[in-house]
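The block underneath contains the structure these notes are about, expressed in structure tokens.
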Amino acid sequence: MSMYYEFHNPVNLISGYGIIPNSIGATLKALNSKRVLLISDRENNSDGTVDIVRKSIIAGGVNVGGVYLNVPRDSSVLVISKIANLCMINSCDSIVAVGAGSVLDTAKCVRLIISQNTNHITDLKGFDMCNRGVDMPLVLVPATCGTGSEVSNVAVVLDETGTNKLDFVTEELLPNATIIDGSMLVFQSSMEILSAAFDALTHAIESVTGRQRNPISTKYACMAIMMIRDNLEYCLCDNPKEEHLHKLMEASTIAGVAQSSSMLGVVHAICYSLGVVLEIWHRECTAEVLPHVLKYDFECCKDLYAEMFFYLVPESVYVSTPKEDRAKVFCEYIQSWYKRLHALVGGSNTIVNLGLSEQNVDAVAKTASRDGLNIINPRYIDLHGIKEILLSIMRGDI
Amino acid sequence: MSKKFCNKAKIMYGKDSLNRISFELSRNNSTRVFVLSDSTSMQSGAVGRIKNLFKGSDASATYYIIDVEKWSTTDVVTSAYQKFYDSKCEFIICVGGDGIANIAKAIKVLANVGTSDITQVTNLNVKDKVPLMLIPTSVKSVSYGVGNTSVVDKDNNKLYKLSGSVLCPNYIIIDKRVVTKLSEQIANERILLILGMSLVALSEPLMSISARIFAFTAMDSLKEPLAIDKHRYLGRTGEEIVIATVAAGIGFTGVPKCMLSLMVMHISICKNIEYNEIFFALLGKYLNLFLGRYSTDDINLLGKYLDDDSVFNITDMQDRREYVISKFIKIINELSECIGGVSSLSELGLEESEKSMIIDKVVNSYGSDITSAKVSDIQALMDSAF
């Protein structure tokens with residue numbers, strides 16, 4: 001026994017299709033919450049999600065003491081301070097957040113700043129900088145099938161200037177409970193579902209290949225890959241079945257559990273950087289970046305690719321692929337699968353037409369090279385390596 | 001309908017994991033630690049290793065060593081809690097096996113609820129203020145790492161079973177420096193338990209996805225579970241078996257109202273027979289009867305544990321299901337032989353006349369969730385066992 005590992009995910013996972021109306025209030029009540037701050041964004045407010053959540057809170061006999069519905073796509077320390085202030089002014093004793101990763105990360109940081117009794121969230125940036133536990137119930141409701149933030153010990157927000165990404169990694173970011181409800185995906189377009197699901201798939205793959213992998217997180221990741229394989233395509237069709245939507249949502253959450261324990265790698269370092277420099281969602285980039293990083297890491301990860309192959313491909317592909325070819329076909333399959341699904345939903349965007357160009361490639365590479373996730377990547381990478389990957393994306397080498 | 005899953009414990013496994021204790025104490029701002037253990041762990045040197053970790057640290061420890069009997073009693077729990085209370089400790093570390101862990105969980109619940117009488121505990125929805133760290137020397141039951149405990153009130157001949165999040169250990173540290181080496185027979189018995197629990201859990205339709213993951217993690221920890229012969233498990237270390245048992249337990253408790261578990265529990269209480277003996281007696285029969293319950297995905301995942309990928313040459317799904325489960329039943333039978341055979345319910349002392357009483361108890365355990373199909377399943381399993 002030469003290795004050491006830790007696995008910790010104490011989040012209470014409550015999962016079921018259509019459970020939101022009856023579960024959030026009850027969950028808050030069980031946590032002795034009396035007055036809650038509700039956090040979300042404009043999208044979830046306009047599609048009616050926030051209303052459903054608000055009614056569920058009230059149905060549980062809990063008061064809504066404050067509401068903030070303006071979390072931006074890339075949240076920042078300024079937004080967090082503003083919401084924390086709102087929470088304290090309204091004497092809220094708990095937080096509920098519904099939305100994508102930015103909303104959930106914001107809520108996690110709001111609770112952190114209040115619980116740690118500091119006015120400066122930046123004091124807590126980095127790894128495990130908290131000096132006390134958190135004593136404020138936090139319930140998260142993911143509205144996409146890609147974030148994983150609802151079960152992760154990580155939050156990513158921008159600094160005061162809005163140009164630098166700050167990472168927070170601590171168990172104190174884990175919520176008390178997460179409500180997983182596939183009905184949230186009916187508000188999403190097929191393209192949004194596809195890009196979010198490939199983000200979740202990337203979470204799973206990077207948590208298997210990363211240096212911090214462990215047997216439990218690897219099992220979580222492999223199961224997530226299998227569930228994405230079995231359900232994603234059905235969710236992209238008209239009128240998808242509840243079962244497929246819900247399983248895709250669950251897959252995203254369990255990929256989140258895996259990445260919370262194992263962390264991510266270069267794909268996310270690059271995609272976060274693309275998100276900041278090009279002002280786009282990072283999840284729009286992961287499917288395109290992933291094959292290039294798989295190729296970069298191939299020699300040190302081929303056994304792990306072969307292990308994940310079983311979970312990724314249909315049985316017919318699995319049985320017809322010789323063992324020695326599985327790692328290679330794993331990489332090829334991911335790209336061809338994405339291309340096929342991208343065409344199926346009528347997608348036309350690529351990272352290049354979203355803005356990556358010779359003018360900004362150095363800025364993207366420089367920002368990505370500063371990301372701590374590079375240390376977790378299985379193969380050493382530096383600024384030069386990242387730029388090579390970006391140039392290979394621009395050339396369409398794969 | 002919703003499925004719920006929560007595993008509160010932070011699992012720390014492997015090389016030098018005991019060295020993490022001081023970090024976790026400091027993270028909890030705990031300086032006074034109550035170390036609960038038994039005389040076996042004292043003699044083996046496990047407690048000494050923990051003592052050494054406190055040398056030169058900011059934390060001080062109060063040690064309480066007791067001999068554990070088959071069942072924890074209210075008297076033992078009350079005395080241990082009193083000692084904990086007097087020590088003014090704010091953190092519990094438990095070194096040992098299942099018996100002492102059962103007592104540690106009882107102390108934890110009393111400390112958090114704020115009473116010294118376990119028979120008076122009713123509301124378990126309280127804040128988890130006193131953390132519990134379990135350091136196993138060996139684990140023989142799947143309840144070790146999860147949120148439940150059982151205590152016998154000898155005076156009133158009553159068994160108190162408590163379960164809830166507040167009983168969950170906050171930490172489980174598995175370090176080979178304190179894990180007991182297992183004999184071949186005991187190792188095989190544990191493997192049979194892990195395999196059986198995981199297979200039964202996976203057959204339950206209400207199992208959450210996280211619980212399924214833990215069941216498969218347990219099977220992964222066994223490595224090559226199908227490559228069985230009497231000597232194959234000699235190379236497996238005690239800590240590998242401990243982590244597999246813990247994972248199987250977390251998976252198994254993710255199944256609400258598992259039929260086999262309820263039946264085993266009621267027979268165990270009525271006849272005062274070890275849980276595992278009854279479980280082994282029923283396991284093969286359960287798998288034979290309910291092989292249709294496994295999902296296609298799970299059959300394929302179970303098939304992956306078989307040698308090479310030959311299972312995927314069977315194209316008919318029903319044939320594949322039968323093939324996979326029959327292979328596992330074969331392993332279970334071989335493992336049973338390795339441990340000197342498994343007794344039937346009659347051999348364990350359950351009379352056929354007691355069948356209906358057990359069936360009634362299992363049916364009643366379901367409360368309003370009982371269905372006619374479930375009743376038929378319970379009867380079928382009981383009939384098959386005789």
Side-chain angles (χ1 to χ4, degrees), chain A residues 1-19 22-23 26-27 29-32 128 130-133 135 151 171-172 176-177 179-181 214-224 226-227 230 247 250-251 253-254 257-258 261 310-311 315-316 318-319 323, chain B residues 1-17 19-20 23 26-29 125-128 165 168 170-176 179 208-221 237-240 243 247 250 254 296-297 300-301 304 308-309 312-313 315:
Chain A
M1 185 176 63
S2 56
M3 68 181 294
Y4 167 80
Y5 71 81
E6 288 181 8
F7 179 85
H8 190 214
N9 205 285
V11 182
N12 192 2
L13 301 178
I14 304 163
S15 172
Y17 191 92
I19 61 168
N22 297 317
S23 58
T27 304
K29 203 166 185 185
L31 291 164
N32 297 317
D128 227 347
C130 297
N131 52 17
R132 59 170 81 182
D135 195 17
V151 282
E171 287 173 11
E172 273 68 31
N176 300 72
I179 313 288
I180 309 160
D181 184 343
N214 67 65
I216 304 176
S217 65
T218 296
K219 199 86 240 173
Y220 266 89
C222 288
M223 293 294 263
M226 191 175 79
M227 290 167 75
D230 292 344
K247 284 194 172 164
E250 276 194 324
T253 299
I254 62 170
V257 173
S261 179
F310 171 77
Y311 299 92
E315 189 178 311
S316 57
Y318 178 75
V319 293
K323 276 185 184 169
Chain B
M1 169 130 194
S2 65
K3 292 179 181 177
K4 294 181 181 176
F5 179 83
C6 186
N7 166 42
K8 197 189 275 185
K10 180 173 186 174
I11 297 167
M12 292 179 264
Y13 177 90
K15 191 171 165 50
D16 298 333
S17 48
N19 300 354
R20 302 288 296 173
F23 175 78
S26 135
R27 185 190 192 97
N28 282 278
N29 297 320
N125 187 20
V126 292
K127 275 193 180 168
D128 194 351
S165 157
C168 265
N170 304 76
Y171 303 91
I172 301 173
I173 297 189
I174 301 166
D175 187 320
K176 72 173 179 181
V179 173
S208 70
I209 178 67
S210 301
R212 277 175 70 209
I213 289 166
F214 271 94
F216 280 117
T217 302
M219 293 187 53
D220 285 352
S221 307
T237 62
E239 59 273 18
E240 284 170 344
I243 184 68
I250 293 169
T296 304
D297 274 346
N300 288 340
L301 289 168
K304 280 285 285 173
D308 59 50
D309 292 320
F312 299 108
N313 295 330
T315 48

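Chain A is the first sequence line, chain B the second, and so forth, proteins listed ahead of strands; every chain is numbered from 1. None of the values given here were measured: they were computed from a predicted structure.
- With respect to chain B, the highest number of heavy-atom pairs below 4.5 Å among A:T218, A:V319, A:L31, A:I216 belongs to A:I216.
- Ionic pairing of A:D230 and A:K247 is not present here: no N-O contact between side-chain nitrogen and carboxylate oxygen is shorter than 4.0 angstrom.
- Side-chain atoms of A:N9 come within 3.5 Å of backbone atoms of A:V151 as a donor-acceptor pair (strictly under, hydrogens ignored).
- Distance alone, capped at 3.5 Å, places no donor-acceptor pair between the A:N12 side chain and the A:N176 backbone.
- Using a distance-only test at 3.5 Å, with no hydrogens or angles considered, a donor-acceptor pair links the side chain of A:T27 to the main chain of A:S23.
- Within the 4.5 angstrom heavy-atom criterion, only backbone atoms of A:V11 (N, CA, C, O) approach chain B.
- The greatest number of non-hydrogen atom pairs below 4.5 Å with chain B, out of A:N214, A:V257, A:I254, is found for A:I254.
- Ring-plane geometry between A:Y220 and A:F7 is classed as parallel, the angle between the planes falling under 30 degrees on a 0 to 90 degree scale with a further cut at 60.
- Side-chain contact between A:K219 and B:S221 is absent, with no heavy atoms from C-beta onward closer than 4.5 Å.
- Side-chain contact annotation: B:S210 with B:N7, donor-acceptor N/O pair under 3.5 Å absent.
- Note: B:I11 leads B:N313, B:N125, B:I11, B:N170 in heavy-atom pairs under 4.5 Å with chain A.
- In this structure, no portion of B:I172 lies under 4.5 Å from any heavy atom of chain A.
- With chain B as partner, the option from A:Y318, A:Y311, A:Y17, A:F310 having the largest number of non-hydrogen pairs under 4.5 angstrom is A:F310.
- Interface remark: A:I14 contributes backbone and side-chain atoms alike to the contact with chain B (heavy atom separation under 4.5 Å).
- Using a 4.5 Å cut-off between heavy atoms, B:Y171 does not touch chain A at all.
- For A:D181, no part sits under 4.5 Å from any heavy atom of chain B, backbone or side chain.
- For A:D128, the part sitting under 4.5 Å from any heavy atom of chain B is the side chain, from C-beta outward, and nothing else.
- Ranked by heavy-atom pairs shorter than 4.5 Å toward chain A, the options B:N300, B:D297, B:N29 are led by B:D297.
- Side-chain atoms of A:S15 do not come within 3.5 Å of backbone N or O of B:K3 as any donor-acceptor pair.
- Contact of A:N22 with chain B is not made at all, since no heavy-atom distance falls under 4.5 Å.
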